[in-house]
Student: 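Next up is a structure, given as structure tokens.
In what follows, every heavy atom counts, from backbone to side chain, and hydrogens, waters and symmetry copies are set aside. Because the structure is predicted, anything quoted here is derived from the model rather than measured.
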Amino acid sequence: MNCLDHYRGRLVTSTNKNLRLIHISSEEKAVHDFRVGVKRLTALYLFVHAVKSEIAAKRLLKPYRSLSKSISRIRDAQIALELLADLEGIDSSDRVVLLKALKSKIRKDYRSFQNFAHGCTPTRLPTIRAMGLSESTILKTKPLVQDNLLKQILVPARRMSAKQWHKLRILLKRYHHTLDAFHFCPGHTLDESELKQMKILEQLLGDWHDRVICIEILQSFAGLEAASTGAIATMNKQERILLGSAKIYLAKFAKWHRQR
């Protein structure tokens with residue numbers, strides 16, 4: 001078996017398991033794990049496309065990425081629910097109103113997801129071997145593909161918008177997932193120092209983006225502007241601090257790579 005197929009097989013199995021669970025309920029862990037599984041599969045098949053451009057990775061992934069996008073509204077509201085439940089400095093009555101609105105949104109979005117996902121089949125993607133890629137070709141091309149991803153991460157624009165920072169966050173995750181995909185391949189090892197720095201940067205950007213999304217959700221609640229004011233102000237401050245820290249750690253990550 002191709003070493004990437006070993007990883008792919010486990011990933012497809014776990015992703016399908018979580019999809020079955022999501023069809024039953026909007027349980028938070030299953031929603032989160034399904035979306036992570038789709039992101040890992042995306043990173044894997046985009047890597048395969050980079051090795052062999054004739055492979056239409058985006059077309060193969062489209063049904064599953066559409067499912068992930070459909071359920072992302074639920075996941076975003078679940079994250080907002082967690083943030084608001086622990087957010088300090090907001091009126092308790094405002095918190096109750098906002099949490100109630102978020103729970104209602106989750107129920108509504110879950111019904112929409114069920115309608116969208118009705119009749120969807122489990123994830124079925126061709127094996128790496130079936131796509132005509134040998135293990136030797138993959139291992140030979142691996143450094144080139146990973147270096148290309150790194151260049152996009154480590155040389156950001158001087159001044160970036162929130163959208164550009166989100167894109168960098170996606171690229172960083174994709175780079176990390178691509179490294180993980182080689183877990184079963186001969187000679188593969190992860191640099192613990194790089195991994196530690198990536199995790200810090202991913203956490204900062206993830207926490208920043210959670211607040212950006214939460215603010216957007218609160219701003220979409222018609223008639224709850226007064227209840228949302230305090231929470232939005234607090235999260236605006238938090239997201240600025242988190243993004244500032246992310247900039248510092250991105251510079252450290254870039255410096256570490258230059259000195260390797």
Side-chain angles (χ1 to χ4, degrees), residues 1-72 74-75 78 113 116-117 120-146 148-150 153 169-192 194-195 198-199 202-203 206:
M1 178 186 284
N2 186 299
C3 63
L4 285 187
D5 271 326
H6 196 169
Y7 172 82
R8 173 207 160 276
R10 292 191 174 201
L11 195 50
V12 167
T13 298
S14 64
T15 302
N16 283 334
K17 176 184 176 182
N18 286 307
L19 181 57
R20 287 193 297 271
L21 292 172
I22 295 168
H23 277 300
I24 299 169
S25 78
S26 59
E27 195 273 324
E28 190 171 338
K29 186 177 185 303
V31 171
H32 172 264
D33 289 351
F34 172 74
R35 295 194 71 235
V36 171
V38 172
K39 290 173 184 177
R40 287 182 176 275
L41 284 168
T42 298
L44 174 61
Y45 280 82
L46 287 178
F47 169 82
V48 169
H49 170 74
V51 176
K52 188 176 181 180
S53 59
E54 305 94 287
I55 295 170
K58 289 185 178 180
R59 179 178 59 79
L60 292 170
L61 293 161
K62 186 176 180 179
Y64 318 111
R65 295 181 76 182
S66 295
L67 274 172
S68 181
K69 185 177 181 180
S70 175
I71 208 166
S72 67
I74 300 169
R75 182 60 190 145
Q78 289 173 337
F113 168 78
F116 176 81
C120 287
T121 58
T123 307
R124 289 189 177 93
L125 291 163
T127 64
I128 311 301
R129 186 174 181 179
M131 291 186 287
L133 287 177
S134 68
E135 191 168 293
S136 60
T137 300
I138 288 168
L139 296 178
K140 182 179 178 181
T141 316
K142 171 190 169 188
L144 298 174
V145 177
Q146 290 177 344
N148 183 52
L149 276 172
L150 265 178
I153 295 165
R169 174 175 171 259
I170 292 171
L171 285 169
L172 183 65
K173 281 284 187 184
R174 189 167 295 167
Y175 173 70
H176 192 165
H177 292 330
T178 303
L179 291 178
D180 289 343
F182 287 86
H183 178 76
F184 300 105
C185 292
H188 173 68
T189 56
L190 287 172
D191 189 308
E192 291 300 323
E194 180 184 30
L195 194 60
M198 274 199 299
K199 285 182 176 178
E202 285 173 346
Q203 185 68 54

Student: State, yes or no, whether a side-chain contact exists between S14 and D33 at a heavy-atom distance under 4.5 Å.
Tutor: no

Student: Just by modelled atom types, is the K69 backbone N or O under 3.5 Å from a matching donor or acceptor in the S72 side chain?
Tutor: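 Such a contact is found between S72 side chain and K69 backbone.
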
Student: Which one of I153, L172, D191 satisfies the side-chain contact (heavy atoms from CB on, under 4.5 Å) criterion with M198?
Tutor: L172

Student: For L46 and R174, run side chain to side chain contact (heavy atoms under 4.5 Å, CB included): C-alpha distance rounded to whole Å, both residues' side-chain angles, the deciding distance at 0.1 Å, then the answer.
Tutor: CA-CA 9 Å; L46 287 178; R174 189 167 295 167; 3.3 Å; yes

Student: Check whether any side-chain heavy atom of H176 lies under 4.5 Å from a side-chain heavy atom of L195, and answer yes or no.
Tutor: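 A side-chain contact exists here, since the closest heavy-atom pair is under 4.5 Å.
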
Student: Looking at F184 and C3, what are the two nearest heavy atoms and their distance?
Tutor: O-CB, 3.6 Å

Student: Starting at CZ of F113, measure out to NE2 of H23 and round the result to the nearest 0.5 Å.
Tutor: 5.5 Å

Student: Is there a donor-acceptor contact under 3.5 Å from the side chain of Q78 to the main chain of S26?
Tutor: yes

Student: Which value, rounded to the nearest 0.5 Å, describes the distance between T13 atom OG1 and N18 atom CG?
Tutor: 11.0 Å

Student: Would you say that more than 12 heavy atoms from the other residues, nucleotides or ligands in this model lie under 6.0 Å from the NZ of K52, or not?
Tutor: yes

Student: With a 3.5 Å distance limit and no angle check, can you tell me whether H49 reaches the backbone of A56 through a side-chain donor-acceptor pair?
Tutor: no

Student: Check whether any side-chain N or O of T137 sits under 3.5 Å from a backbone N or O of L133 as a donor-acceptor pair, and report yes or no.
Tutor: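 Not a single qualifying donor-acceptor pair exists.
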
Student: Taking side-chain contact (heavy atoms from CB on, under 4.5 Å) as the definition, give me every residue that meets it alongside H177, ordered by chain and number, with sequence neighbours left out.
Tutor: K39, R40, A43, K173, D180

Student: Looking at E194 and Y175, what are the two nearest heavy atoms and their distance?
Tutor: OE2-OH, 2.6 Å

Student: Between CD1 of I22 and CD1 of I71, what distance do you get to the nearest 0.5 Å?
Tutor: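 It comes to 3.5 Å.
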
Student: Taking atom CD1 of I55 and atom CD1 of I128, what is their separation to the nearest 0.5 Å?
Tutor: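 One gets 7.5 Å once the value is rounded to the nearest 0.5 Å.
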
Student: Can you check side chain to side chain contact (heavy atoms under 4.5 Å, CB included) on C185 and Y7, steps first, answer last?
Tutor: CA-CA 9 Å; C185 292; Y7 172 82; over 6 Å; no

Student: State, to 0.1 Å, how close A30 and L21 come at their nearest heavy-atom pair, and which atoms those are.
Tutor: CB-CB, 3.9 Å

Student: Considering residues at least two apart in sequence or located in another chain, which fulfil the ring-ring contact (aromatic ring centres under 6.0 Å, His included) criterion with F182?
Tutor: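 F182 satisfies ring-ring contact (aromatic ring centres under 6.0 Å, His included) with F47 only.
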
Student: Got I138 and V48 here, is their nearest side-chain heavy-atom distance under 4.5 Å?
Tutor: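 No, their side chains stay 4.5 Å or more apart.
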
Student: State whether the side chain of T42 and the backbone N or O of V38 hold a donor-acceptor pair below 3.5 Å, judged by distance alone.
Tutor: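 Yes, the answer is positive, given that a donor and an acceptor are paired below the 3.5 Å cut-off.
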
Student: Using the test salt bridge (Lys or Arg N to Asp or Glu O under 4.0 Å), find all partners of R75 that sit at least two apart in sequence or belong to another chain.
Tutor: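 E28.
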
Student: Taking all non-hydrogen atoms of both residues, which atom of P126 and which atom of Y45 are closest, and how far apart?
Tutor: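 That would be O-OH, 2.5 Å.
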
Student: Kindly compute the distance separating CG (L61) from CG (L67), expressed to the nearest 0.5 Å.
Tutor: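 Here the interatomic distance stands at 12.0 Å.
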
Student: Going from NE2 on H6 to CG on L4, what distance comes out if it is rounded to the nearest 0.5 angstrom?
Tutor: 11.5 Å

Student: Apply side chain to side chain contact (heavy atoms under 4.5 Å, CB included) to residues R124 and Y64 and explain how you reach the verdict.
Tutor: CA-CA 9 Å; R124 289 189 177 93; Y64 318 111; 4.1 Å; yes

Student: Identify the heavy atoms of T15 and G37 that sit nearest to each other, and give their distance.
Tutor: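 T15 and G37 have their closest heavy atoms at OG1-CA, 3.6 Å.
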
Student: Show, in sequence, the C-alpha distance, side-chain angles and deciding distance for T127 and N2, and conclude whether the side chain to side chain contact (heavy atoms under 4.5 Å, CB included) test is met.
Tutor: CA-CA 9 Å; T127 64; N2 186 299; over 6 Å; no

Student: Does NE2 in H188 sit with more than 12 non-hydrogen atoms of other residues, nucleotides or ligands closer than 6.0 Å?
Tutor: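 More than 12 within 6.0 Å, yes.
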
